[in-house]
Protein chains: 2
Amino acid sequence: MEEGLRERKKRETRRRISDMATGLFLMRGFDQVTVAEVARAADVSVNTVFNYFGTKEDLFLDRQADLEEIYRGVVRDRRPGESVADAFRRDFLDALDTGDWRYGFHEGAEVFGRVIAESPALRARTLEIERQVMACVAAAIAEETGADPDDVRPELVAAQILSTTRLLSRHALRRRAAGESPRETEAWLREQAEALFDLLESGIGDYGRRPLVVADDGEAAGDHEDDHVEGDHGRP
Amino acid sequence: MEEGLRERKKRETRRRISDMATGLFLMRGFDQVTVAEVARAADVSVNTVFNYFGTKEDLFLDRQADLEEIYRGVVRDRRPGESVADAFRRDFLDALDTGDWRYGFHEGAEVFGRVIAESPALRARTLEIERQVMACVAAAIAEETGADPDDVRPELVAAQILSTTRLLSRHALRRRAAGESPRETEAWLREQAEALFDLLESGIGDYGRRPLVVADDGEAAGDHEDDHVEGDHGRP
DNA sequence: CCACAATTTTGGAGTGACTGCAAGTTGGGT
DNA sequence: ACCCAACTTGCAGTCACTCCAAAATTGTGG
C-alpha cells in the first residue's frame, strides 16, 4: 500500500494547520493568536488541532526531530582526524555558508527569533527542545565512542558544544535585530565561531585567573572593576 | 521606619503561602495540587496568591535571586591564583562538604527533584531559571575581568561551567532516586567533579577524535572503543 | 451498491491557570 | 475620628487543554 486517501488527507490537514498557525504567529505574535483562530483559519475544529499537535507551542516549533537527526549525522559522519568539536565547528561554518536553518541563519530568521523572544511559553519550549537535543547528541557521542554507560563525559562534551553554537545563534539574532547587515553579522559570526571553538577545544582553565602576586603599580590581567553591582533581584 | 505591622503581615502571608504550597507539592506532586487548594490551605483568596507570586511555578521555585547572589559571590571572591573555573570547582566541592542546597545536595533533595522531574511546567521553569542564572554569572564574569561588551567569552565560560555543575547535580539526583546511598553518591560526585572540571579546563578538543590512518585489512574502521582519548573512569 | 468496522472529526461540557475590575477591609498618619 | 493608600476579595471572563460521546469519513468484504 503506497498511500491511501486517508493518509494523504491527514498529511495535508496537518500541513494546513501548521502553515496557517505559523503564518498567523509570524504576523501577529504567538500570544496574540488563539488556538481557536488557528483552527478557524485551517478550517478545522479546535479539537482537531490538538489531535495533531500536543500543545500550542508545537504548532510553531515542530523541527526537533529533524534537528536531532541532523546532529546525529554530524557526530556519526565526522571525518578521519576530526574530533566531535571539530565536526561541529565545520558543520556550523558550513551552515553559515549555505544559509541553513539549523542555527538560525535562514531567510526570515529574525522574525522567527523575535516571535520566540516575545513569548515566554515559546522561550520555555525552546529551552526544553535544546535540552532534549543535547541529550540526543550526548547519546550519539556515547554510542560512537563506545563510552561506558556511567561515563558522563559524552554529556559534558555535548553540552559544551551546543552551548557554544546556541550562544553564537543567539548573538547573531540579536545583532540582526539591532539592525546589523547580514554581511557584517556573518563575518562577525565566522570570527567568533573560530575564537569560541578554539577556546572550547583548548580549555577555559585559565580564563579569568587572578594574579598570584599583586603588582603594586600597574594592573595585570583580570583585575578589579568594582563600581557597584547593578541589583537585579527582580522576578520576571 | 523599622517595620510596621503591614510589612510584617505581608512577609508572614507570603511565607505562609509559600510554605503551604511547598508542603502540598512535596506531598502530592505539583500538577495534583491546584492554586485554589494552596489558597485554601494558606487561608487567603486565589487572587492573593497571584498577588504575591506571578505564576504557580514561582510558588515552588523562588530561590533564583539567592542563587544569583551566591554565584556572583563565587566569581567576585575567587582567590588569588584561581581562575573562574577553579573557583566554581572549589565551590562545588565545598557545597558537597556542607550539604548546601545550591547544587541539590540538601536533605530531601530527592523528593524535591522528583516533584520537578514529574511536572513539565516545573521542568520548563527550571530551565528558564538556569538560563537567567547563566546570564547573571556571565555578567559577573564580564564585569570582573573587565571584558569588552562585545566579548562573548564570558558567556561561553559561564555556560560551560554551569553546564558542568548542572550535569553533576542531575546525575546525583538520578542516582539517589535509583536507590544509591548518600555516601556512594557523594564519593562518585567528588570523583566525577574532578574529572569533568579537569576536562573542562584542559579542553575537549581531542574528545572523540577519529584516527587519521585506517588500517586497510579487516575492520579497523573506527567503531572500537580505542578511538577516543583514554582516561580512567574507574568506579567504586 | 451495501453493510460494517476502523479511524477521524466534531461539539459540548468541563478544569484550571491567570487577568481585570470594582467593591470591601485594614493599617498608618493626621 | 477621619482619610488615604495599600492590601484583599469576589466575580466574571479568557484561553489552553481534556474527556466523552455522537457524527462523519474512509477502507473492506460481500
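The sequence lines fix the lettering, A, B, ..., with proteins before strands; numbering per chain opens at 1. FYI, side chains are in, hydrogens and waters are out, and symmetry mates aren't considered; it's all heavy atoms of this structure.
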Visitor: Would you call B:Arg175-A:Asp150 a salt bridge at under 4.0 Å N-O?
Guide: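 Yes, this pair counts.
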Visitor: Would you please classify the geometry between the A:Phe105 ring and the A:Phe92 ring as parallel, tilted or perpendicular, with 30° and 60° separating the classes?
Guide: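 A:Phe92 and A:Phe105: perpendicular rings.
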Visitor: Do the numbers put A:Arg14 on top of the ring of A:Phe53, so that NZ or CZ is under 6.0 Å from the six-membered ring centre and no more than 45° off the axis?
Guide: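 Yes, cation above the ring, under 6.0 Å and within 45°.
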Visitor: Round to the nearest Å and state the distance from A:Glu7 atom CD to C:dT7 atom C1'.
Guide: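 Taking atom C1' of C:dT7 as the reference, CD of A:Glu7 is at 10 Å.
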Visitor: Distances under 3.5 Å between protein N/O atoms and the N/O atoms of nucleotides 3-6 of chain D, please, pair by pair.
Guide:
unit_1	atom_1	unit_2	atom_2	d
D:dA6	N3	B:Arg6	NH2	3.1

Visitor: Is the shortest distance from a Lys or Arg side-chain nitrogen in B:Arg102 or B:Asp66 to a carboxylate oxygen in the other one below 4.0 Å?
Guide: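 No, no charged N to carboxylate O under 4.0 Å.
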Visitor: State whether B:Glu186 and B:Arg190 are salt-bridged, where the test is any N-O pair (Lys NZ or Arg NE/NH1/NH2 against Asp/Glu carboxylate O) under 4.0 Å.
Guide: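 Here B:Glu186 pairs with B:Arg190 in a salt bridge, since their nearest N and O are under 4.0 Å apart.
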Visitor: Contact class for B:Val33 vs. all strands (heavy atom < 4.0 Å): base, sugar-phosphate, or nothing?
Guide: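 Sugar-phosphate, backbone atoms only, no base.
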Visitor: Counting only non-hydrogen atoms, which of residues 39-55 of chain A are less than 4.0 Å from DNA chain C?
Guide: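 DNA chain C contact set from residues 39-55 of chain A: A:Val44, A:Ser45, A:Asn47, A:Thr48, A:Asn51, A:Tyr52.
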Visitor: Report the distance from atom CD1 of A:Ile17 to atom P of C:dT8, rounded to the nearest whole Å.
Guide: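 From A:Ile17 CD1 to C:dT8 P: 13 Å.
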Visitor: Roughly, in whole Å, what's the span from CD in A:Glu57 to P in D:dC15?
Guide: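 Roughly 15 Å, once rounded to whole Å.
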Visitor: Would B:Arg28 and B:Glu37 count as a salt bridge (Lys or Arg N to Asp or Glu O under 4.0 Å) if you check the C-alpha gap in whole Å, the side-chain angles of each, and the deciding distance to 0.1 Å?
Guide: CA-CA 12 Å; B:Arg28 295 168 34 205; B:Glu37 280 179 289; 3.1 Å; yes
Visitor: Using 30° and 60° as the class limits, which term best fits the ring planes of B:Phe30 and B:Phe25: parallel, tilted or perpendicular?
Guide: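 Tilted: the ring planes of B:Phe30 and B:Phe25 meet at 30° to 60°.
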Visitor: When you check the side-chain N and O atoms of B:Tyr103 and B:Asp91, is any donor under 3.5 Å from an acceptor?
Guide: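 Yes, a side-chain donor-acceptor pair sits under 3.5 Å.
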Visitor: With a 4.0 Å heavy-atom cut-off, tell me which residues in residues 124-132 of chain A come close to DNA chain D, sorted by residue number.
Guide: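 By residue number: none to list.
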Visitor: Measure the distance from CZ on B:Phe30 to P on C:dG16 and round it to the nearest whole Å.
Guide: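 Rounded to whole Å, this separation is 13 Å.
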Visitor: Specify the separation, in whole Å, of atom CZ of B:Phe25 and atom P of C:dG16.
Guide: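 In whole Å, C:dG16 P and B:Phe25 CZ are 13 Å from each other.
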Visitor: Separation of B:Glu12 atom CD from C:dG27 atom P, in whole Å?
Guide: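 The answer, rounded to whole Å, is 12 Å.
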Visitor: Assess whether a salt bridge exists between B:Asp148 and B:Arg153, defined as any Lys/Arg side-chain N lying under 4.0 Å from an Asp/Glu carboxylate O.
Guide: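 Not counted as a salt bridge, because no side-chain N and carboxylate O are separated by less than 4.0 Å.
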Visitor: Send over the distance from B:Lys56 NZ to C:dT15 P, rounded to a whole Å.
Guide: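 Atom NZ in B:Lys56 sits about 15 Å away from atom P in C:dT15.
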Visitor: Please report, rounded to the nearest Å, how far the P atom of C:dT9 is from the CZ atom of A:Arg14.
Guide: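 That distance rounds to 12 Å.
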Visitor: So, is B:Lys9 near the phosphate of C:dT26, with a side-chain N or O under 4.0 Å from OP1 or OP2?
Guide: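 Looking at the OP1 and OP2 atoms of C:dT26, neither is under 4.0 Å from any side-chain N or O of B:Lys9.
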